[in-house]
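The structure appears below as structure tokens.
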Amino acid sequence: MEFKRHLVTAALPYANGPVHIGHLAGCYLPADIYVRYQRAQKRDVKFICGSDEHGVPITIRAMREGVTPQDVVDKYNTIIKDSFEGMGISFDIYSRTSNPTHKETSQAFFKKLYDDGAFEERESEQYYDAEKDVFLADRYIIGTCPNCANPNAYGDQCEKCGSTLSPEQLINPRSALSNSPLVKKPTTHWYFPLNKYEDFLKEWIVVGKKDEWKSNVYGQCKSWLDSGLQPRAMTRDSSWGVPVPLPGANGKVLYVWFDAPIGYISATKELTNQWADYWCQEDTKLVHFIGKDNIVFHCIIFPAMLKAHGGFVLPENVPANEFLNIEGEKVSTSRNWAVWVDEYLKDFPDQQDALRYVLCANAPESKDNDFTWKDFQDRVNNELSAVLGNFENRAFVLMHKLCKGRVPALHADEMNEMDNALIADIKEAKTKVENAIESYKFREGLAEVIDLARKGNKYLQDNAPWSLAKTPKLQEQNQKRIDICMHLCLQLTANLAILLNPFLPYTATKMRKKMKVVERMLDWENAGRIDLLKVNYPLLAPELLFRKIEDEEVAAQVEKLRENLKKATQQIMENKPTTASEAETPLAEAKATITFDDFAKIDLRVGTILKAEKVEKADKLLKLEVDMGTEVRTIVSGIAMHFAPEEIIGKQVSVVANLAPRKMRGIESNGMILMAQNADGKLIFVSPTQTADNGSEVK
RNA sequence: GGCGAGGUAGCUCAGUUGGUUAGAGCACAGGAUUCAUAACCCUGAGGUCGGGAGUUCAAAUCUCCUCCUCGCUACCA
């Protein structure tokens, strides 16, 4: 299909923290390259982004910092926006989901689906904070983690041991708002029956996108579709978000993943009155740039929503990237293991293109990649400066030395094979870069540009105009050859500026200014031409495009990473005691609030493990037979990651004997083995130091 | 445990429908050169293509088994 317009979105960054270079490499940089290329092709393109400002993590952060959610999103929206601007990410609009337009748009979207009967209404029991008179989302519920005993685990996840939880699993759940214990109350929510769209999605993706979408994206989608889709709640009980536009729905807001993608539409509305052309006309090419963590929302849920609503185009492609690791380790915001964009801009002023270069050249297009500062230095110094920057500099210096600072003539009568080969290379490079960008292979496209500069270096070397001008007399004899060589080098430089422009816009602009040409010269259609610079046109003096990255800078950045990690780790330790000594105080307090009667309810006994075996199809579970003196009990315990079955047989352990039985993986567990856990996550049995009788009471 | 994506030179990656001595860049070694940011240019060394079995005249490429990494998911009382 011939597309009349292009609509490009980049994932809405979540406004509860700054952006790091992983975000840039995974999503925003490729999107920006793609869009700049489309603009250079003079195609009708709109580049949409904005802050995602709803959801529970923002309210949690607000509570921790003692400010309002609006304060939180205002702060980070500014930081994020500035980071993008600073790196030259050229959105046509950077909006935010807390804007009125978004409220209207997402409510209207919801209302349309509601009126069409697209939702299923369901009542369920959920935790309720009586003191604050609100239902609590999973994130608002705090309790003791059943795995690692962290007393501050959230209802959806324990940040200390990383396990996914549901609120029901928490021990002694309490409210994050009031710290009071919770009760369960019925509440109503609207579910979107994704299962009803399975056939449509299978046809559209599994059949239709097989050879078009990247294998990681396609595979992930197919996996979801094959395992069957479930209805998903599209509303939440919360005070922060877009209110559900229905009577009697007080205290209910749209689920962030319902409202966030609609944010793309709202932002387009803010940008232009013609927004409907971009979203509703069949000849629009919609492309979502995202990271791999967003695949399901952009490929499954949002398209199903759009389909249910009707009248919208569906994404033509969703080129999701994998993750970028830092110095061999996964990015972690809580451990502050990341290279933050705002800090890079401060530490490396005017070096946007150096980072853009490295992040694109090493983008995680097909698998997770590693960013190291050493690699950053190597690539900037040995590829960007040495090949590209150096060629451009050579061309300018030689032109000034041998051609009086003006573009020399191209004497057709004396052109040879080398000249023609170079011209062919320039034309070929245009096609190669074009194909690479159109198929979302940005690292390949950028490599082609560098390769063209490399060919320029070789051409210079082979012609060696400096040798042709060793003496004034020689130069006079050879001036025609020198002119041809320098003419082509300069035309090549102009071509490099065009081809480079989507990738390294700052550099392209610098080059353009030195050549004293108008911005229009960078139009893509001009690539491949060798008459971009007029003969006899005077150019500016040489000036380096890039500077080298020094060893000290690299060392300083690595040091900074380690320092940040250290500080963040310390902070975590202070907030959430993990070592035995730090845990003593809170433990004593906990005892004071529990009555003896409460304690006496727990029947703790000593037992001996007689048998142990791995539970089928469960990574973490061991099935234990424990001799309790009067009986042998079956207990299922989540310790398989820490102990081999054979090494714990005969071990005497402490058992909570009167815990209500519970089935796990089809096996009924009758009790719980007590374990101590170190800060490093290691498990240790809580056992009698001398052998006790099996079944003897622990008190 | 299920599913998905990867595993190719020291590093980062290409390898189209199976076909002659498996490619590129960086790093490394040697050479040449001086216009240039000690940069460029040339040459070289370096790989049992994660491991095993099979299909084939022929496998990095197809089939089966197995190991490792990342992600989603189940499981954790």
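Letters A, B, ... mirror the listed sequences (proteins, then strands); counts begin at 1.
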My understanding is that only residues two or more places apart in sequence, or in another chain, count here; which of them pass side-chain hydrogen bond (donor to acceptor under 3.5 Å, both in side chains) with A/Gln220? A/Trp224

Determine which nucleotide pairs with B/G1, using a 3.5 Å limit on both distances of a Watson-Crick or G-U wobble pair. B/U73

Distance below 4.0 Å between A/Lys374 side-chain N/O and B/C26 OP1 or OP2: no

Pairwise P distance, B/C65 and B/G2 [rounded to whole Å]: 11 Å

If you measure from the P atom in B/U63 to the same atom in B/C3, how many Å do you get, rounded? 16 Å

Write down the distance separating the C1' atoms in B/A32 and B/C40, rounded off to the nearest Å. 11 Å

Sugar-phosphate only, base, or nothing, as touched by A/Val636 at under 4.0 Å among non-hydrogen atoms: sugar-phosphate

Counting any heavy atom closer than 4.0 Å, what does A/Arg443 reach on the DNA or RNA strands: base, sugar-phosphate only, or nothing? sugar-phosphate

Holding to salt bridge (Lys or Arg N to Asp or Glu O under 4.0 Å), I want the full list of residues that pass it with A/Glu448, two or more places apart in sequence or in another chain. A/Lys432

Salt bridge (Lys or Arg N to Asp or Glu O under 4.0 Å) with A/Lys367: which residues, sequence neighbours excluded? none

Got a salt bridge between A/Lys292 and A/Asp368, using NZ or NE/NH1/NH2 to carboxylate O under 4.0 Å? yes

Residue set satisfying salt bridge (Lys or Arg N to Asp or Glu O under 4.0 Å) with A/Asp226, at least two apart, ordered chain then number -> A/Lys222

Taking atom P of B/G25 as reference, at what distance in whole Å does atom CG of A/Leu384 sit? 17 Å

For B/G30 versus B/G15, give the span between their C1' atoms, rounded off to a whole number of Å. 30 Å

Calculate the interatomic distance between A/Ile549 atom CD1 and B/C26 atom C1'; express it in whole Å. 16 Å

Does A/Ser215 place a side-chain N or O at less than 4.0 Å from the phosphate oxygens OP1/OP2 of B/G6? yes

Paired nucleotide for B/G23 [Watson-Crick or G-U wobble; both distances under 3.5 Å]: B/C13

Between A/Cys485 and A/Leu460, does the side-chain contact (heavy atoms from CB on, under 4.5 Å) criterion hold? Intermediate values first, please. CA-CA 7 Å; A/Cys485 176; A/Leu460 259 185; 4.0 Å; yes

Pairwise P distance for B/U43 and B/G4, with rounding to whole Å: 45 Å

Pairing partner of B/C64, by Watson-Crick or G-U wobble and under 3.5 Å for both distances, is B/G52

Which value, in whole Å, describes the distance between the C1' atoms of nucleotides B/C70 and B/U34? 48 Å

Protein-nucleotide distance (A/Asn381, atom CG; B/A27, atom P), rounded to Å: 10 Å

Can you sort out the partners of A/Glu625 under salt bridge (Lys or Arg N to Asp or Glu O under 4.0 Å), two or more places apart, ordered by chain and number? none

Quick one: which of B/C40, B/G25, B/C72 gets closest to the side chain of A/Ala386? B/C40

Near RNA chain B, which residues from residues 538-545 of chain A have a heavy atom under 4.0 Å away? A/Leu544, A/Leu545

Would you measure the distance from the C1' atom in B/U8 across to the matching atom in B/U61 and give it in whole Å? 12 Å

Does A/Asn325 place a side-chain N or O at less than 4.0 Å from the phosphate oxygens OP1/OP2 of B/C70? no

Residues at least two apart in sequence or cross-chain that pass side-chain hydrogen bond (donor to acceptor under 3.5 Å, both in side chains) with A/Lys214, listed by chain then number, are A/Asn321

Between CG of A/Leu324 and C1' of B/A5 the distance, given in whole Å, is 17 Å

Between A/Asp378 (CG) and B/A27 (P), how many Å, whole number? 7 Å

Within a reach of under 6.0 Å around NZ of A/Lys513, are more than 12 heavy atoms found that belong to other residues, nucleotides or ligands? no

Paired nucleotide for B/U34 [Watson-Crick or G-U wobble; both distances under 3.5 Å]: none

Using a 4.0 Å heavy-atom cut-off, does A/Lys330 contact any base of the nucleic acid, only the sugar-phosphate backbone, or nothing at all? sugar-phosphate

In short, salt bridge (charged side-chain N to carboxylate O under 4.0 Å, His left out) pairs touching residues 461-474 of chain A with sequence neighbours left out are A/Lys458-A/Asp462

Of the candidate nucleotides B/C75, B/C72, B/C42, which contains the atom at the shortest distance from the side chain of A/Leu621? B/C75

Does B/A39 have OP1 or OP2 sitting under 4.0 Å from an N or O in the side chain of A/Arg454? no

Among B/C41, B/A77, B/U12, which nucleotide has an atom closest to any side-chain atom of A/Asn362? B/U12

Anything under 30° is parallel, anything over 60° is perpendicular, the rest tilted; go ahead and classify A/His288 against A/His298. perpendicular

Nearest-Å distance for atom pair OH/P, residues A/Tyr218 and B/G71: 24 Å

Judged by each residue's nearest nucleotide on RNA chain B, which is more toward the 5′ side, A/Asp375 or A/Lys292? A/Asp375

Touch check for A/Glu444, heavy atoms < 4.0 angstrom, all strands: base, sugar-phosphate only, or nothing? nothing

Contact residues, residues 390-407 of chain A to RNA chain B [heavy atom, < 4.0 Å]: A/Asn390, A/Asn393, A/Arg394, A/Val397, A/Leu398, A/Lys401

Judged by nearest nucleotide, the residue sitting upstream toward the 5' end of RNA chain B, A/Asn216 or A/Phe323, is A/Asn216

Taking salt bridge (charged side-chain N to carboxylate O under 4.0 Å, His left out) as the cut-off, I'd like each qualifying pair that reaches into residues 393-406 of chain A, sequence neighbours left out, listed once. none

With sequence neighbours left out, which residue pairs that include part of residues 354-391 of chain A fulfil the ring-ring contact (aromatic ring centres under 6.0 Å, His included) condition? A/Phe348-A/Trp373, A/Phe348-A/Phe376, A/Phe371-A/Trp373, A/Trp373-A/Phe376

Side chains of A/Asp483 and A/Gln479: is there a donor and an acceptor less than 3.5 Å apart? yes

Separation of A/Glu322 atom CD from B/U69 atom P, in whole Å? 17 Å

Less than 4.0 angstrom between a side-chain N/O of A/Ser227 and OP1 or OP2 of B/A74, yes or no? no

Say you pick atom C1' in B/G7 and the same atom in B/G52; how far apart are they, in whole Å? 16 Å

Please give me the minimum heavy-atom distance between A/Tyr440 and A/Pro319, naming the atom from each residue. CD2-CG, 3.8 Å

Quick note, A/Ser223 side chain, CB onward, closest among B/C3, B/U12, B/A77 is B/C3

Could you check whether A/Thr372 gets within reach of a base, just the sugar-phosphate, or nothing at all, counting any heavy atom under 4.0 Å? nothing

Side chain of A/Lys367 (C-beta onward), nearest among B/U8, B/A77, B/C40: B/U8

What residues 459-475 of chain A contributes to the RNA chain B interface at heavy-atom separation below 4.0 Å is A/Gln461, A/Trp466, A/Lys470

d(CG, A/Asn382; P, B/G10) in whole Å: 19 Å

